[in-house]
Amino acid sequence: MISEASEVDSLVMSTCRLHLDASFQVFKLLSDPTTSHPLAARRCQEVGSHWKAALFRLLESRDMDEAHRLFTRIPSPSVQLYTMMINGYSRTNRIDEAFRLFGCMPVRDTAAWNSMIKAALDCGDSSLGRKLFDEMPERNVISWTTMISGLSRFGWIDAAAELFSRMPRRDTASWNAMISAYCDNGRVKDARLLFEKTPQPNVISWTAMIGGHDQNGESDKALLLFHKLWSSGTKLTPSTYACVLTACANASELGLGTQLHSHTVRTGYSSDAFVSTSLVNLYAKCKQIEDSIQLFCERKERDVVSWTALITGYGLNDRHEDALDEFNKMIASGMRPNQSTFTSALNSCCGLEALDRGKKLHATTVKLGLELDVFVGNSLVVMYSKCGDIEDGLMLFDRMDGRNLVSWNSIIVGCAQNGYATLALKLFDGMRQVNVQPDEITYTGLLTACSHSRMLERGRLIFHLLKHDSSVQVKLEHYVCMVDILGRCGNLEEAEEFIRNMPVEPNSKIWLALLGACRMHANIEVARRTSKKVFDMEPDSSAAYVLLSNIYASAGRWNDVSQTRLMMRCRGITKVPGSSWITLKETRHEFVCGDRSHPMAMEIYKKLDWLGVKLKELGYVYDRTFALHDVDDEQKEAALAHHSEKLAIAFGLISTVEGSTIRVMKNLRVCGDCHSAIKVISQVVGRRIVLRDSTRFHHFRDGLCSCGDCW
DNA sequence: TTAGGGTTAG
């Protein structure tokens, strides 16, 4: 016999989770009308609430199977319990089960209908959501607001606005839903107009509008609006702080961010997960990575978002090794990375040009079923192409399901940088066939492809398309590309004319592109005029001095070379030394010209001597015009033979498996003699050699280079 | 703790 209420409670509570059947017996006993216990009726109600609490706990832990087991044992569940179950199924993306349960409900109130509508919209079934909304017997303000938010998530902003205009009654939440809908769909001006008209805006309205400005690239406006909110004396919520701190991060407003950090400490909000992550992000973006690390370490609980913020932060601060270490720590801790984590980690692989580690990450995305996610797919395509493995980039792109503009841009730019110009142009045709509208980046990629392959007429055509594409703005970088195309193709005068007729003021990059072309075509006259322009604009940059000096050196005008070098010295400008590196087993081996510091220097030079003999046997002659010192021919030859890229390749040859691809990076543009020599080396050793210089990739194979000698 | 609006990384 059950005697005390507390005993019942504790018995039910303790048995609910693990001993459902025993618990059910207790419930049945209490519900039985033959039980003559005086407290039975009240207990029955109380125990009912305990069932609710138990169900809530299971739903909260997303344990839908256990929740279902519990639910089926409850005699005549209330409409609330049904609705709780529908919400649970919705949160776990089990729309079919939610709908089945909704169909079984003996009675439905408006809340149940609203939950079912939300479930349909959240699970991606917009037609079901709309059908339920149209069929429901009685709509309230929440039904309308749920629909507006749902339609917005599908990008159907006009349909959402139409519903908003038809609402019989609106409250602040409805206005907020519509403001957010506009912001989320990039219509921040419409959002702002609505915000200004909102009858009784609350802190949520303000937060939505601040976040809306920030997420649409208007962080300054976001902060101006925040100052207004601050002046009004409104009590801020953790959400508002999270939002404003992010705007500070995006606007690099470290001062305001630090002040707000202090406020969050005083208000006790700094331990809020969202606020804390915003702070990690703030300090990382403002280049205070040590503060960022400290805040992350102080957190009680780490989640995937804060961990990703830290990994991204390391990347932003050029600490790519640390970023990848942190990623590994995250995996070791059992935390599951998501799309964003991979995006950041893969970006760090690009920063290190670490194809091996990029490939490991790729394998992990496959294991986690994220490989074909569009964000991960795009990051993988970029990683492969930036690490010089464009073939794998292309294979992945072909397998991707939902390609977006970024996917197309990634592969087009990747092809352009890797010397696959014709393919880049073909991909552009494919992109237009599936109605993906190009943007500024697409055109830059296409023009780069044309410039790298000296495709003058295609370049002109692309530039014409760009000028007449009303949805794209012609930017300075496009003019740089066009000057590069004209210059590389030898049309130096036309390039000068093109610059004169530009509707915007040319910058130093434009003139440098022309100067580079002068170097290629040994045009001293244009080079003099052009270098003067760069000297005026950027007196401290070494690039123009080096180019001019090299132009003189190639022509054997050693007096002019000395004059240029003297000018550099007088102005305190130093040339960046050329260096090349190769990464083997996650270790970077770097070389400069004539370097003998490597532990394997002896073997490297022995290999180079051997290569020198083989090259001569094949009739290869050193191109002395690239030896840019006024010394005799024998010395020039020795200097050329020991250029950094050749040292790195020789090291690669003796340290890797026969027949495997060698990947070398160089900080400057590859020298012309090395380019010719590496072509022959690829033939002699029967290997593919990939060399990334400061402007592009060269794929050497069987005596040829992918750039078609247009570097 | 039956239903709607604002928040963190990318």
Side-chain angles (χ1 to χ4, degrees), chain A residues 49-57 59-60 77-88 90 105 108-119 121 136 139-150 152 170-181 183-184 195 198 201-212 214-215 236-247 249 269 272-282 284-285 296 303-313 315-316 337-347 373 375-376 378-379 406:
Chain A
S49 76
H50 287 313
W51 280 105
K52 196 161 132 191
L55 188 64
F56 174 77
R57 278 197 299 276
L59 292 172
E60 201 181 34
S78 65
V79 65
Q80 286 95 330
L81 293 182
Y82 270 102
T83 309
M84 280 169 74
M85 283 297 289
I86 289 170
N87 294 336
S90 166
M105 287 179 79
R108 300 178 192 121
D109 60 9
T110 308
W113 280 91
N114 290 344
S115 285
M116 194 57 232
I117 290 171
K118 184 168 159 50
L121 295 170
M136 69 190 294
R139 297 178 197 126
N140 63 12
V141 65
I142 298 177
S143 324
W144 290 84
T145 309
T146 306
M147 276 307 288
I148 288 169
S149 297
S152 160
R170 302 183 189 114
D171 60 11
T172 303
S174 334
W175 286 83
N176 294 347
M178 198 59 228
I179 290 168
S180 298
C183 290
D184 293 344
F195 171 74
T198 306
N202 59 13
V203 69
I204 298 180
S205 325
W206 284 85
T207 307
M209 202 58 242
I210 291 169
D214 182 47
Q215 279 152 21
L236 305 184
T237 65
S239 300
T240 318
Y241 277 110
C243 221
V244 181
L245 286 165
T246 305
Y269 292 158
D272 174 274
F274 287 83
V275 173
S276 160
T277 305
S278 301
L279 287 166
V280 170
N281 178 46
L282 168 79
K285 285 218 173 104
F296 178 79
D303 59 23
V304 64
V305 182
S306 60
W307 225 320
T308 304
L310 182 66
I311 292 168
T312 313
L316 287 171
N338 65 13
Q339 297 93 323
S340 304
T341 325
F342 279 108
T343 299
S344 298
L346 286 165
N347 180 50
D373 170 272
F375 291 98
V376 175
N378 292 346
S379 303
V406 178

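The sequence lines fix the lettering, A, B, ..., with proteins before strands; numbering per chain opens at 1.
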Could you work out, with side chain to side chain donor-acceptor pair (under 3.5 Å) as the rule, every residue matching [X], not counting sequence neighbours?
{"X": "Trp113(A)", "answer": "none"}
{"X": "Thr312(A)", "answer": "Ser344(A)"}
{"X": "Thr277(A)", "answer": "Arg299(A)"}
{"X": "Asp272(A)", "answer": "none"}

Item to check | Partners passing salt bridge (charged side-chain N to carboxylate O under 4.0 Å, His left out) against Lys285(A) (at least two apart in sequence or in another chain) | outcome: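 Listed in chain order: nothing, the list is empty.
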Next on the checklist: If I pick the C1' atom on dG6(B) and the same atom on dT2(B), what distance separates them, to the nearest angstrom?
Outcome noted: 23 Å
Item to check | dA9(B) and dG5(B), which share atom name C1', separated by this distance in whole Å | outcome: 23 Å
Checklist entry - Along nucleotides 3-10 of chain B, 5' to 3', which nucleotides get a B, which get an S, and which get a -, given that the test is a protein heavy-atom distance under 4.0 Å? => result BBBBBBBB
